[in-house]
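Notes for the one structure printed next.
Every chain is numbered from 1, with letters handed out A, B, ... down the list of sequences.
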Number of protein chains: 2
Amino acid sequence: MSSMEAVVLVGKKPTMNYVLATTLPLAEGKKVLLKARGRAISKAVDIVEVVRRRFVQNAVVEKVNIGTEEGRVGADGKPRNVSTIEILVSVPEQPAKKGK
Amino acid sequence: MSSMEAVVLVGKKPTMNYVLATTLPLAEGKKVLLKARGRAISKAVDIVEVVRRRFVQNAVVEKVNIGTEEGRVGADGKPRNVSTIEILVSVPEQPAKKGK
């Protein structure tokens, strides 16, 4: 079944860790939802691009959502909003050999 | 005409500069395409979120594209790829007052 979905939360680990965590479920036919906040947003985009270009060439970006997460408290005690991104990546089903 | 499109290139200036540069064309009914590379990707998402939440509440994200720009040369002389994002923001046309 390709309807299963893996979630990868992008944080402070090296990019290649997340590239691997994204590539493996894709290789099993799962979709992968990458989620990142704040500065990790750029890293999430890097991860998707590395996966698409070097590891799973037929992977496609199905959807990109951006948003805001409220109520996190900064160092000064004031509430801070932080931007978020969600990128859904999948591998289109192979056309069956019998055609269609 | 709301089919015109303004382009905002997101770089190293303060976020609010780009927020203003995005808000003004939206207020005139234009679409705005924000483009960013590398670390500025997170800032581009911040800008869109600030615009949507504080300045143009009915603005919508029409499309988000991510990609890679090749061939930039890093400090060590090796070619570097850099991730890119393009976010298209617009304000839906007001429903006519006569209702529909």
inquiry  = Heavy-atom cut-off 4.5 Å, strictly under: side chain, backbone, both or neither for A/Ile66 against chain B?
reply    = both
Per-residue contact mode, A/Val48 against chain B (heavy atom under 4.5 angstrom) = side chain
ask   = B/Val61 versus chain A, heavy atoms under 4.5 Å apart: side chain, backbone, both or neither?
value = side chain
Flag the pair [X] and [Y] as a salt bridge only when some basic side-chain nitrogen lies within less than 4.0 angstrom of an acidic carboxylate oxygen.
| X | Y | result |
| --- | --- | --- |
| A/Arg53 | B/Glu70 | yes |
| A/Glu62 | A/Lys31 | yes |
| B/Arg37 | B/Glu69 | yes |

Joint hydrophobic cluster, A/Val64 plus A/Leu33, side-chain heavy atoms closer than 4.5 Å = no
